[in-house]
Each structure stands twice: as C-alpha cells, then as structure tokens.
Q: 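Following this message is one structure expressed as structure tokens.
Labels below follow one simple rule: chain letters A, B, ... track the order of the sequence lines, proteins then strands, and each chain is numbered from 1.
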Amino acid sequence: MRTAFIQQLVEEARKDEKVFLLTGDLGFSVLEPFINEFPERYLNVGVAEQNMTGIAAGLAMDGWNVFTYSIANFPTLRCIEQIRYDVCYHNLNVKVVSVGAGYAYASLGASHHATEDIGMMRTIPNMIVASPGDPLEARIITTKFVEHNGPCYLRLGKAGEPLVHDKIDTLNIGDGLEVLKGKGTAVLTCGAMLKYAADFIKANEQGFGLYSVPFIKPIDSALLKKIALEYNNIITIEEHQLSGGFGSVVLEAYNDLVQGGELESFPKIKRIGIPDKFISVAGSQEHLRGLAGLNL
Amino acid sequence: MDSISFAKEIRKTILKLVYKAKASHVGGALSMTDILAVLYNGYIKVRPAEPKWEERDMFLLSKGHACTGLYSTLALSGFFTLDELFTYSQNDSRLLSHTSHKVPGVELSTGSLGHAFSVGCGLALSFKRKKNTRKVYVMLSDGELDEGSNWEAILFAPHHKLDNLVAIVDYNKIQSFGSVEEVLNLEPLAKKFDSFGWNAVEIDGHDHAAIENALRAASESKIPTAIIAHTVKGKGVDFMEHELLWHYKSPTEEQFEAAIKQIDQ
C-alpha cells in the first residue's frame, strides 16, 4: 500500500506543483522516487513529529499542498494537538499519512500498533479520514486527497498487501464499495481486513455480501441505507479498537438514519474489533489479529 | 505617533479591555507591549487596509493568552475598528480571549503553548524555497519554553539556515504558577540559543532603541535570530509589576483608574 501511495503521489506531484512531502525521518526505500524527482518539494524534518506538523501548517498557510509521512502513531497521536489546532482548526491543506495500520508492524510491539488512531482523528472537525482496503483503493484515495483542499488522514497498511479489486470504476471521497453481492449478512470492512474478509467469504459458502468502506469520515450513509434494506444482519470488522472505530461509526450512522426518518429500523450489527486491550507478545500480523479476536 | 506614545496607547487599551471584560493575563500583555509598539510602528511590513497582502511579513503570537496586547496594537494600527475591539470576550465576538486568526491582522490562532514556533519555521522555510524576502516574527513567552515542541523548532531553524526567522522571547521571569527560576529554570537562555546555532541577542525589552536595533541587526544576520527581551511582567503599572497575581486578576475600578493615570503621566 505504501508503494502504491508514493507512486501515485509522484504522479500527482507532476501535475500539481504545490505538493510538498515532509517526513519524520522514516520512509527508507519508500520515499526515494519522490525525493529524487522533487528535491525542492521534500524535507526530512528529523525525528520530531510535533515540529513536522507545525511546519506543515506553516507551509500550507503559504499555499503548499503538504503531506506528512511517518509510521504508526508517530504522525498522528504523537502530534494530535498540532493536527487538531494548527491544521484542522485553521482548515489548512495538510494530509497526514501513516503507514502500518493496526498490527501491520506486529512484532515491533504496542508502540507501533496503530489501533486507536481512527477514534482520535475522526472526532476532529474538518478532518477527512480514510483507511484503504487494498493498494488500488490507496492509489485512488491518494489522488482524491491531492485534489482536496483541506485536512485529511490517510491510514495505510504496510507493503505487500494483495489487490482485492480487479478495478474500481469510481471512488470519491465518502464512497463505500460493493465487493460481493450476497444475502442475509453483509460484512463491512475498513482497511486491510478487506482481504481477510474476501478470502473468508469465498472459502465459506454462506453467501455473505462484502463491502469495503475506506472512508470512515465522511461515512457513506447512502450505501449503509441500501445495505440495511437488503440484508438482515451486518458484521463490521476492523483492525482497531472497538471503541470509537469503524464499527462505532457504522452504528452511529445507522442510528442517525433512523433518527432522521431515512430508515424505520436497521439490521442487527455485530462489531468485530480489538476489545479494549494491548497485545504484548511477538508474532505475525495474522497471529496478533487472531489474539485480538479479529475473526469472522 | 512615535513608538513610545504608541506603547502608551496600547497599554491603556489593554487595561480598558481587561477591565471591561474582567479578563486575565494583563501582566503578560503589558510586558510585551514595547516590542509590539516598535514592530507595528512602521517596522514590520504589513498593510492594515489589506491584512492578507501577499508580500507581508508574518507575526505569530505564540503566547496567545496575551492577545489583548496584539488585538490592541492591531486595532490602533487600523486593522479593524476600536468599536469591534471592545466586543472582546463578549458573546459572538470574534475577539476570543486567546489570539484568534478570525481577527484581521492575526495570522495564527494560539492558546496552547508551544505551537507557533514550528508554524513559523514552516512559513520561513516556504519563503526560502520560493526565494521570497518576507520575514517571520514569533513572539514567545518564557514559560512556554518548557514545552519540548519549541526545542524541536529551535533545533530545526539554524540547521535549515532560516535567517528570515526572528524569535522574540518576552522574558518577564514569571510563569503561570511561580517564577521561571523556581518552576523550571531557563538560564543560561541566550547561551542555549547560541549553542543551538542562533544569533542570540539579549536586550532590555522596554528600551525602544534597543528593540529596533536588535530587529535591524536580525535582518542582517545570516542565521536565525533570537531576541531575548528582558521584560517586567505588568510593565507600566507599579502595583502590577513583577506580580504573579496579574497573570489572573482583573483590575477593580479604582485600580483601573489608578493604572490609566500612571500611564498618562
């Protein structure tokens, strides 16, 4: 996903000369294509994410379209107040990019588990939040974020995630995607759980539907309404704490649809996510997902 | 108007604002007044009638709690009306009790300490990359230098040769809950900036000639300049000077009238 991101960012930077990339000293063997082609629009600020985000705000105040890049919690939680106050309150054109969603850096430990970021980033006004499900989604969302003038958060996996979509016709900010049409139960995924869910559904012949919902904010309420009218059960699955994450967003959106008179009621919703805990043993991403109970 | 008279007008306006709104932070607004008076009395490149003028210098008030000083300076300079100024802190006023970028002439909202220095680095970096001659001034409090984020910026600016960046420390020696020396000593502050690669200058922050000389010297420097301005909290009103209490307290009617009288003398 990170490779898809940087390739797309390079393409977009060829068209938009305002694109500026900052890193907090991470991105070895990832960022080089951008650095080599646009040295005047790149800076490694050092291991200093608060400063990076403030600098991004300053650059954006002078017209740049700024991307900040680092891994896991460093470009997000470490500098959450700079994101909230300097970037989002001033509604500046800064895109925060984090690599290593969920347990992507599994064995590196809790410091590198990005498992609370959705909950924190989505509560900040003006911020758009996206967690792509595969490299194709990541590419398209990178383009959309370059085109959007305002704060965005791009929550990427790591390297080597397989493609799930053969092609995507349209994916605009706020769109969800139907991956498999089914009956009875719809599985809604956010981020790189998409591949797991797709494989599970194809291997088990229960006829579940599958929807990839990369945009946590704004959420695709129209798609949720359509799903509610077609299915009796919904399962959300995410590599994030249950509290404040994707499943919470879906529940809130359905409640608002009912409150707003758009739906009479909504299906039963089972939320699969991390049950309010840290994991402090080593293991692969799949192993840690299993320990957290992220299974359909 | 000369800068000394301008400073008197700013001080009286600050006092009127905090008295009328029963607001806090008068001490830290009065301590930086002389620096604002020199900056905005024809030194900094800004256009009051055109606040977003594209070639303007940028002034960021990192110590956002001292906003009455900046608001008064801007209103007296013509960025917005005195009528609007006196809506300060009232319902629906855009003049919040921490510096707000919704106010004409204010570049950045502040209030949480340790933010503006990095934003100033970003602006200075941008002007350098665009080969623009605009300058960036960041006014910091002494207490907020406790924030680690400032030291990230202090490390950054000289490395990237941001000679278009001027940091001004309003060193009034009193922070929120005690003296700087007791809470978290900054000394030797000038040596710290110097060792980080800054052109560190110490001045009397109430001496207008010294302020202007330091600003002029900063514009000649090839490295970023830190002006350590030794100031007095509550400067200009004897019963407010050097007193922690005036970080919080708002003057009574008698105190307000006495304060105005002192400044008029």
Q: More than 12 heavy atoms of other residues, nucleotides or ligands under 6.0 Å from CD of B:Glu54: is that the case?
A: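 Check fails, neighbour count at 12 or below.
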Q: Any idea which of B:Leu60, B:Thr110, B:Leu155 has the most non-hydrogen atom pairs under 4.5 angstrom with chain A?
A: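 Maximum pair count with chain A is reached by B:Thr110.
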Q: Side chain, backbone, both or neither: which part of B:Glu107 has an atom under 4.5 Å from a heavy atom of chain A?
A: both
Q: Is it true that, when you exclude A:Arg84 itself, more than 12 heavy atoms of the residues, nucleotides or ligands shown sit nearer than 6.0 Å to its CZ?
A: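 Check fails, neighbour count at 12 or below.
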Q: Please flag which part of A:Val45 lies under 4.5 Å from any non-hydrogen atom of chain B: side chain, backbone, both or neither.
A: both
Q: Do B:Arg129 and A:Leu43 have side chains that get closer than 4.5 Å, going by heavy atoms?
A: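 Yes, at least one pair of side-chain atoms sits under 4.5 Å.
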Q: Between A:Tyr89 and chain B, which part of the residue has a heavy atom less than 4.5 Å away: side chain, backbone, both or neither?
A: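 Both parts, backbone and side chain.
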Q: Can you see whether A:Glu81 engages B:Ser112 through a side-chain donor-acceptor pair at a distance of less than 3.5 angstrom?
A: yes
Q: Between B:Leu125 and A:Trp64, is a side chain to side chain contact (heavy atoms under 4.5 Å, CB included) present by the stated rule, with each step listed?
A: CA-CA 11 Å; B:Leu125 176 69; A:Trp64 297 99; over 6 Å; no
Q: Please determine, among A:Gly46, A:Ala56, A:Ala60, A:Gly54, the option with the most heavy-atom pairs under 4.5 Å with chain B.
A: A:Gly54
Q: Flag yes if more than 12 heavy atoms outside A:Phe278 fall under 6.0 Å of its CZ atom; otherwise flag no.
A: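 12 or below, so no.
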Q: Under 4.5 Å from any heavy atom of chain A, what part of B:His101 do you find: side chain, backbone, both or neither?
A: side chain
Q: Is it true that, when you exclude A:Asp276 itself, more than 12 heavy atoms of the residues, nucleotides or ligands shown sit nearer than 6.0 Å to its CG?
A: no
Q: Show the nearest heavy-atom pair for residues B:Glu152 and A:Asn51, with the distance to one decimal.
A: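 For B:Glu152 and A:Asn51, the tightest heavy-atom pair comes out as OE1-N, 2.8 Å.
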Q: If you take all heavy atoms of B:Met58 and A:Met61, which pair is closest and at what distance?
A: CE-CE, 3.8 Å
Q: Over all heavy atoms of both residues, which pair between B:Gly114 and A:Gln82 is shortest? Give the atoms and the distance, please.
A: O-NE2, 4.2 Å
Q: Check B:Leu123 against A:Gly58 and note the closest heavy-atom contact, atom names and distance.
A: CD2-O, 3.4 Å
Q: At a 4.5 Å cut-off on heavy atoms, which part of B:Leu108 comes close to chain A: side chain, backbone, both, or neither?
A: both
Q: With a 4.5 angstrom heavy-atom cut-off, which part of B:His160 approaches chain A: side chain, backbone, both or neither?
A: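 Contact with chain A: side chain only.
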Q: Of the non-hydrogen atoms in B:Ser109 and A:His90, which two are nearest, and what is the gap between them?
A: N-NE2, 2.8 Å
Q: Is it the case that more than 12 heavy atoms not belonging to B:Lys161 sit under 6.0 Å from its NZ atom?
A: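 Atom NZ in B:Lys161 is not packed in, count stays at 12 or less.
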Q: Count the heavy atoms belonging to other residues, nucleotides or ligands that lie under 6.0 Å from CD of A:Glu17, then report whether that count exceeds 12.
A: no
Q: Got more than 12 heavy atoms from elsewhere within 6.0 Å of NZ, B:Lys222?
A: no
Q: Which pair of non-hydrogen atoms, one from A:Leu59 and one from B:Gly122, has the smallest distance, and what is that distance?
A: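 Smallest interatomic distance, heavy atoms only, reads CD2-O, 3.5 Å.
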